[in-house]
Each structure stands twice: as C-alpha cells, then as structure tokens.
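By convention in this document, chain letters (A, B, ...) are assigned in the order of the sequence lines, proteins followed by strands, and residues within each chain are numbered from 1.
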Amino acid sequence: MNNEEKQSLSIEIEKFKTIQTFLSDKISLKNGRAVERIQFCAGVDVAYWEEAGVEWGVCSIVVIDYDTKVVVDKTHSIGKITVPYIPGYLAFRELPLVLDAAKKLSKTPDLYMFDGNGYLHPRHMGIATHASFFLNKPTIGIAKSYFKIDNVDVTIPKNKTGSYEDIVIGNEVYGRVLRSHQDVKPIFISCGNYINLQATTKIVLHLINEESRIPIPVRLADLETKRIRRRLVE
DNA sequence: GCGACAG
DNA sequence: ATCTTGTCGC
C-alpha cells in the first residue's frame, strides 16, 4: 500500500468512525423483544478467498428452530470484498454480503447471532450491533478471541460449563467471558441490540452442544461458508 | 519505531 | 480471516 492509498484509507476510517458514533447513540439494550419468544434463530458467518488478486467472500446464514434446533432455512451470498480488515471496523467489510444474504431468507429470524462482537467494542458498535439497525431484529455477538479495549484485560472464568465473568470497562459492563464447555477456551459474548446481557447469556448457553464451543447457528454458518467456498475454488 | 489487532 | 502437518482424544 502506497502513501496515497494510506491517505485515502485513513479518510475512509474517519467516515466509518463518524457513522459508528452516530449509530451508537441509537442502541437500545433494554428493549425486551428478544426475551419474549424466540422461534427462529440465525447464525451468520463469512469466509474469504483470493482469485487473480481479487478478494472474494461468501456469507452464509443458517436459521434453526430455537427449541428443536433443526435447520429451517439457509441462504448465502457471494461477492467481491472491497474494504480491508481493520480492527474495530469489521462491519464495513462484511455487512454488504450479510444484508444481501439476509434478503434471500424465506423465514424471518427472531434473532441473529454474529461471529464477532456487538456492544463489546470501543464505540459499542461491533458488527452485531451495527447490523441490528439494518436487520431490525435483536442481535448477539459471539467472539472467539478478546478484542482488547482501553487496555483492560478480562478475568478468566472458572473452569466449569456456564461460568462467566463480566467484562467491565470504565464502570460499564461491555460483555461477558463465558465458559461454554469445561476444559475449553472461553468465548466472548455481548449484546448486539434490542436484547439484554442476561437474555444473551441464556440464549447462547441454550444453543451450545457438544460439537462446538460456539452456538449451533454460528457453527453451522461457519461450516456452510467453507463448504460453499470449497465448491467454488476446486 | 514497536506492538497489538473481533474476522 | 487464511495458510498448513502432525497429533491427541473421543
């Protein structure tokens, strides 16, 4: 990347930051829509590959029934990726494909779970929260590693399934470190929007099975995304 | 300049 | 995220 490209990228980042700040004022974590009743729960993930110097991505959305955990719908969308990965600005990179895939769903999810953060973000605008304003549904963020904010470290929860520790930054709870399985690295969950942290924790734990430390819908979307890529690349 | 850095 | 070999364990 040359200096001119670096310059235009930093201008883009400033615009991204402005958008995040604008949206973050509209977060409503006290809205109870999610805790009332969930039937359809969606998992979202994106995989990437490169072809002739062009970066491509595929977004998969897998919808399961909350009680039976049976897959009831799934869609995907494929497209060129134009925005680079910049920590803190993941939504601007992945959201176009996500929204494209969401449009194709025949069942309307009551909740979306994302691979990444939600409220647990420097401006409370991780991809899960950002996406909620376009999907108009409750969202949850599921991260497999900790995105450090203000140099605050997390407390490691006890080695027991369901144990968690709040992630507190400046007297505010941003999210939770959750042990989804004993003897397995914990995950980092946070509200996206239109849902509170208590409901978020309950839903995440409900959708964990023996196969994975992340919730079923996100895991299925991850598998799906790689299956589609393999079909395209080979 | 160096290290850190969701996916 | 992706690139990768072997390896440990159910």
Side-chain angles (χ1 to χ4, degrees), chain A residues 1 3 6 9-10 13 16-17 20 23-24 43-61 76-99 101 112-132 139-154 161 167 169 174-178 180-193 200 204 209-215 217-230 232-234:
Chain A
M1 193 184 288
N3 282 332
K6 280 181 185 169
L9 180 58
S10 67
I13 293 173
F16 289 166
K17 193 179 286 185
Q20 288 184 337
L23 289 176
S24 67
V44 184
D45 193 28
V46 179
Y48 303 91
W49 71 95
E50 196 207 281
E51 223 172 79
V54 178
E55 188 174 30
W56 290 81
V58 53
C59 169
S60 287
I61 301 182
H76 70 266
S77 82
I78 297 164
K80 290 181 184 177
I81 303 294
T82 55
V83 178
Y85 171 64
I86 309 156
Y89 303 92
L90 181 64
F92 296 95
R93 172 170 166 85
E94 296 197 339
L95 220 45
L97 278 183
V98 172
L99 299 179
Y112 288 84
M113 306 183 99
F114 286 81
D115 202 328
N117 292 314
Y119 200 75
L120 178 57
H121 178 278
R123 287 167 293 284
H124 294 150
M125 281 297 299
I127 187 168
T129 309
H130 195 139
S132 75
T139 58
I140 290 174
I142 313 286
K144 297 180 291 296
S145 64
Y146 176 53
F147 186 26
K148 204 173 194 178
I149 298 167
D150 290 349
N151 209 32
V152 173
D153 285 310
V154 297
T161 303
I167 301 169
I169 300 162
Y174 276 50
R176 273 176 183 165
V177 200
L178 174 68
S180 54
H181 285 300
Q182 190 169 3
D183 300 321
V184 176
K185 280 195 301 181
I187 56 176
F188 305 83
I189 66 173
S190 57
C191 301
N193 203 358
T200 294
V204 168
N209 66 12
E210 282 308 310
E211 270 79 73
S212 174
R213 72 184 172 121
I214 60 175
V218 189
R219 176 60 180 153
L220 293 179
D222 175 59
L223 292 172
E224 188 67 7
T225 217
K226 281 161 183 157
R227 192 181 67 77
I228 294 167
R229 179 181 61 188
R230 199 167 60 236
L232 291 170
V233 173
E234 287 173 2

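Of the candidates A:V177, A:I167, A:T200, A:I189 forms a side chain to side chain contact (heavy atoms under 4.5 Å, CB included) with just one, namely A:T200.
Looking at every heavy atom in both residues, A:S212 comes nearest to A:R219 through OG-CD, 3.7 Å. Considering all non-hydrogen atoms of both residues, A:I127 and A:L90 come closest at CG2-CD2, 4.2 Å.
Comparing the C1' positions of B:dG3 and C:dT4 gives an interatomic distance of 25 Å, to the nearest angstrom. Comparing C:dT2 with B:dC5, their C1' atoms sit 16 Å apart, to the nearest whole Å.
Side-chain contact check for A:E94 and A:Y48: at least one donor-acceptor pair (N or O, by modelled atom type) lies under 3.5 Å.
Aromatic ring orientation, A:F92 versus A:F16: parallel (interplanar angle below 30°, classes split at 30° and 60°).
A donor-acceptor distance shorter than 3.5 angstrom exists from the side chain of A:T139 to the backbone of A:N193, with no hydrogens or angles considered.
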Quick one: do A:V83 and A:Y89 satisfy side chain to side chain contact (heavy atoms under 4.5 Å, CB included)? Show the steps, please. CA-CA 10 Å; A:V83 178; A:Y89 303 92; over 6 Å; no

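The nearest whole Å value for the distance from the CD1 atom in A:I81 to the C1' atom in C:dT2 is 14 Å.
When side chains are defined from C-beta on, A:H121 does not count as touching A:T129, because their heavy atoms never get closer than 4.5 Å.
Secondary-structure stems of DNA chain B, taken as three or more successive Watson-Crick or G-U wobble pairs (i with j, i+1 with j-1) under a 3.5 Å distance threshold, are lacking entirely.
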Nucleotides 1-7 of chain B: which of its N/O atoms have a protein N/O under 3.5 Å away?
from	atom 1	to	atom 2	distance (Å)
B:dA6	OP2	A:Y85	OH	2.9
B:dA6	O4'	A:N117	ND2	3.4
B:dA6	N7	A:G88	N	3.0
B:dA6	N6	A:G88	O	3.3
B:dA6	N6	A:Y89	N	3.2
B:dA6	N6	A:L90	N	2.9
B:dA6	N1	A:I127	N	3.2
B:dA6	N3	A:N117	N	3.0
B:dG7	OP1	A:K144	N	2.7
B:dG7	OP2	A:S145	OG	2.9

